[in-house]
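The structure presented is a predicted model; accordingly, all values stated were derived computationally and were not measured. Atoms within each ligand, like the ligands themselves, are counted from 1 in listed order.
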Amino acid sequence: RASVRGQFQTIEPQEIRVVLIEAGQRVLPNFDPSLSDYTLQSLRKMGVEVDLGAAVTGIDADGVSYGDKRLETKAIVWAAGVAASPVAKWLGIEGDRAGRVKVEPDLSVPGHPDIYVIGDAASMLDEKGKPVPGVSPAAKQQGKHVARLIRQKLAGDNTALPFKYKHAGDLATIGKRRAVIDFGWIKLKDWMAWWLWGVAHIYFLVEAQTRITVTVSWLWTHLTGQRSARLITHGEATSRAPLKEIDEA
Ligand SMILES: Cc1cc2nc3c(=O)[nH]c(=O)nc-3n(C[C@H](O)[C@H](O)[C@H](O)COP(=O)(O)OP(=O)(O)OC[C@H]3O[C@@H](n4cnc5c(N)ncnc54)[C@H](O)[C@@H]3O)c2cc1C
């Protein structure tokens, strides 16, 4: 609500309801349960209505159907995963449910040792039998692994070394000064996790110029609460209240 205050002529912040629908029994299921609990409490404190354990079964122009409920709304944000580019289909091979290629342990395509698939388009299990997640660290590690294999092949060595995913930990931001970090050996939450989340994301950006630009932009947003992005909600906006009144509400 704070982020829309004073920004839109036709939206009154106090009328906004944010409803988070999650099919699982807890939010952030890949984190430690204590951090999931903290996240749930934080979201509720921020005014988010969280509905757990009910999968979305339908979305139309007027709302969302989930479990045995119906929520009338025009604003729906789908955040339940992404679909891979249809590489498996192009190659005429077996893909997983999300369309990713089920790769061999060395990241090559089954039956095609000279074709590798990495990153979000690849589907494989790690050494513990858990799926390698669709995140940047996995994509970067796989890129390095395949580069190494290609270098070896050029040198005449065709050993199909298996890829080993190293999971450094999970980080998630929940809101202003609220985040959770699960490195396995250490778990952090609240403002300390939030600052660390920010530092980690800036550290992994490429080029000093991008790091400086993002840092300045984030600090500006943090200190002033102003964002440069705007959402155009109507072709013709008819004001229900002057901006000044919305600001004071
Ligand atoms: C909203 C969002 C937030 C995310 N946040 C995080 C996060 O905080 N931390 C994290 O670790 N990961 C995050 N991820 C996941 C992360 O972005 C991906 O796991 C990572 O980018 C995968 O790298 P990739 O190289 O496989 O694919 P991408 O980075 O998607 O690169 C694929 C490239 O291929 C191009 N391409 C696609 N189709 C074709 C085609 N037919 N021909 C030629 N080029 C093509 C695309 O334009 C793109 O540039 C997030 C993803 C999303 C969608």
Residue-ligand contact G134/ligand 1, heavy atom below 4.0 Å: yes
Considering non-hydrogen atoms of the protein only, which is the closest contact for atom 41 (N) of ligand 1, and what is the distance? W90 CH2, 3.6 Å
When you compare the side chains of D106 and Y116, does any donor N or O come within less than 3.5 Å of an acceptor on the partner? no
Using a heavy-atom cut-off of under 4.0 Å, does the side chain or the backbone of S136 touch ligand 1, or both, or neither? both
On the 0 to 90° scale, with breaks at 30° and 60°, tag the W218-H201 ring pair as parallel, tilted or perpendicular. tilted
Any side-chain donor paired with an acceptor under 3.5 Å for E12 and Q14? yes
If you take the centroid of each ring, where Trp contributes its six-membered ring, are H167 and Y165 closer together than 6.0 Å? yes
Compute the minimum heavy-atom distance from F204 to ligand 1 and say whether it is under 4.0 Å. no
Measuring from non-hydrogen atoms of K140 to any atom of ligand 1, is the shortest distance under 4.0 Å? no
Sub-4.0 Å protein heavy atom near atom 21 (O) of ligand 1: no
Hey, any chance L52 and I21 share a hydrophobic cluster, counting ILVMFWY side chains that come within less than 4.5 Å of each other, even indirectly? no
Only heavy atoms count here, so choose which of L171, D120, D170 is nearest to atom 19 (O) of ligand 1. D120
Quick note on ligand 1: atoms under 4.0 Å from a heavy atom of H201 include exactly 8 (O)
Below 4.0 angstrom, N of the basic side chain to O of the carboxylate: do D51 and K69 qualify? yes
If the cut-off is 4.0 Å to any non-hydrogen atom of G119, which atoms of ligand 1 fall inside it? 26 (O)
